[in-house]
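Remarks on the structure that follows.
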There are 2 protein chains.
Amino acid sequence: MRVKTSNGKGDISQIPEPTLRRLPGYLSFFKALKINNVEFVSSGQIAANFKMDSTLVTKDLSYTGIKGRTKIGYNVNLLIETIIQFLDFNSQEKAFLFGVGNLGRALIKYQGLKSYGLHIVAGFDIDPDVVNITLNDVKIYPIDEFRDLSRKLNVRLGIITTPDAKAQDTADLMVAWGIKAIWNFTPQSIKVPDNIIVENTSIYSDLAVILNRLNNS
Amino acid sequence: MRVKTSNGKGDISQIPEPTLRRLPGYLSFFKALKINNVEFVSSGQIAANFKMDSTLVTKDLSYTGIKGRTKIGYNVNLLIETIIQFLDFNSQEKAFLFGVGNLGRALIKYQGLKSYGLHIVAGFDIDPDVVNITLNDVKIYPIDEFRDLSRKLNVRLGIITTPDAKAQDTADLMVAWGIKAIWNFTPQSIKVPDNIIVENTSIYSDLAVILNRLNNS
DNA sequence: ATTAAGTTGTTAATAAAATAACAACTTATT
DNA sequence: AATAAGTTGTTATTTTATTAACAACTTAAT
């Protein structure tokens, strides 16, 4: 039996992105519950914590295939295991990171990402000051070595934390050497072939929302 | 004349959040055009760059009040100025940052945020190893001094980059001492009074989307 | 000067997600 | 054992965002 089918008919790829985005938040909440020795949690309690509608919670959770028990709620341990499984957070997906500036360095050093399925195996930069150094067991290489390492390690995911102006060149290089998914932390829109997955993380968008709410309310 | 009204009738707070989130991306693109000495850009060109519909571009831009000229397009310099004005990216909003770990340190050091309207004026932590150090002219204080500094500097925005378990306590402290908006980088959902603005930045959500697309396609 | 191409910007239609309503079920209590 | 309370999970409605269609306008070319 596949865990990743929601109802036996549809496939997981059908999951709405908003739902997918909420799952890590649920997971964090459930982990906190576990620490406090809470064994069961109801959709109503979850909804209250996130100030959302309980039907939306049950809808979201139903995509993972987990079943709750009426009058009891969901088993917290099972919730945690199921969501981790569903999100592939135990997969230790290998990743290359390009651009070892402040942000890149933080991502490499940030151990928390490991428990969310991401394992950065190498960094790349052109700056001689950072090339060949090691951050938390992650070595930084010159760009030239990307080709060989890519062939050796078979990495599918590339992270862009370069200066904005270098984002497109970096993406081109990644695509050329077999990267399948790109996580772009620059505000630049990058152009890649259709079969390449691109996810943009724009803290500037979040900042725009904050400043707007702060100055217009 | 107020720049921030889209049509004279509505107020800016009416702007849809998706539009607001796209504006920084446009801005980055326009800045790149300016560097390449491009003077005018049409909605079609913008749409092509972001692989989106041109009508959505014109709709988004119309919220900022800017007018394009048919057969010519939008003036790039004016676009840049207008969007910066509209998003308050020249406001140098003061912010306190709590939790000077890897991510917090990166945000403090990251100069790029200054051109997007954010000015982190102080950091706070409990770890004696970081307290009293200075990162890029930003001093790190013990939590005890938050109260006095808050009163002195009149800061409205607080950033949470603490460990997950400390997120709620930190938020409570911020609210108690007059912070109006909280930028939460932990995956924890924090509970605050209704009048407090909360923006959650969850890189785990982005990661969930990437891993899902990578493993189901 | 007139025409035609191409763009903006508005209005309408479609698609998607969040909310609301409801039905079915299960467990604890009387 | 029967009832009632409370929860899950489905279906329907409303709201919101995106896409599509269209009208008006402006500039360049004939």
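By convention in this document, chain letters (A, B, ...) are assigned in the order of the sequence lines, proteins followed by strands, and residues within each chain are numbered from 1. Any value given below was found using the heavy atoms of this structure, including those in side chains, with hydrogens, waters and symmetry copies removed.
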Side-chain heavy atoms of A:Leu56 within contact of A:Arg22, under 4.5 Å: yes
Given atom CZ of A:Phe50 and atom C1' of C:dA18, what is their separation to the nearest angstrom? 17 Å
With a 4.0 Å cutoff (strictly under), does any side-chain N or O of B:Arg22 reach OP1 or OP2 of D:dT18? yes
If you check every side-chain atom of A:Lys71, which of C:dG6, D:dG6, D:dT8 has the closest atom? D:dG6
Answer yes when B:Arg21 and B:Glu199 have at least one side-chain N-carboxylate O distance shorter than 4.0 Å, and no when they do not. yes
What's B:Tyr74 touching, base or sugar-phosphate or nothing? Going by heavy atoms closer than 4.0 Å. sugar-phosphate
Answer yes or no: does a side-chain N or O of B:Arg69 lie under 4.0 Å from OP1 or OP2 of D:dT27? yes
Comparing A:Ile72 with A:Pro18, nearest DNA chain C nucleotide closer to 5' gives the residue A:Pro18
Proximal nucleotide (of D:dT19, D:dT8, D:dA5) relative to the A:Ser43 side chain: D:dT8
Can you confirm whether the side chains of B:Glu81 and B:Asn77 place a donor and an acceptor under 3.5 Å from each other? no
Please figure out whether B:Ile66 or A:Thr19 has its closest DNA chain C nucleotide nearer the 5' end. B:Ile66
Could you state the atom-to-atom distance from CE of B:Met52 to P of D:dT18 in whole Å? 8 Å
Close side-chain approach of B:Leu20 and B:Tyr63, heavy atoms under 4.5 Å: no
Please state how far atom CD in B:Glu17 lies from atom P in C:dA18, giving the value in whole angstrom units. 12 Å
Indicate, with a heavy-atom threshold strictly under 4.0 Å, whether B:Thr55 touches base, sugar-phosphate, or nothing. base
Under 4.0 Å between a side-chain N or O of A:Arg21 and OP1 or OP2 of C:dA17? no
Provide, to the nearest angstrom, the distance between the NZ atom belonging to A:Lys67 and the C1' atom belonging to D:dT7. 14 Å
Whole-Å distance separating the CG atom of A:Leu56 from the C1' atom of D:dT15: 14 Å
To the nearest angstrom, how far is A:Lys59 atom NZ from C:dA17 atom C1'? 7 Å
In whole angstroms, how far is the P atom of C:dT8 from the CG atom of B:Asn75? 13 Å
Could you check A:Thr70 against A:Thr58 and say which one's nearest nucleotide on DNA chain D is further toward the 5' end? A:Thr70
Identified side-chain contact (heavy atoms from CB on, under 4.5 Å) counterpart of A:Phe98 within the set A:Ile143, A:Asp125, A:Thr161, A:Ile126: A:Ile143
Whole-Å gap separating P (D:dG9) and CG (A:Asp53): 15 Å
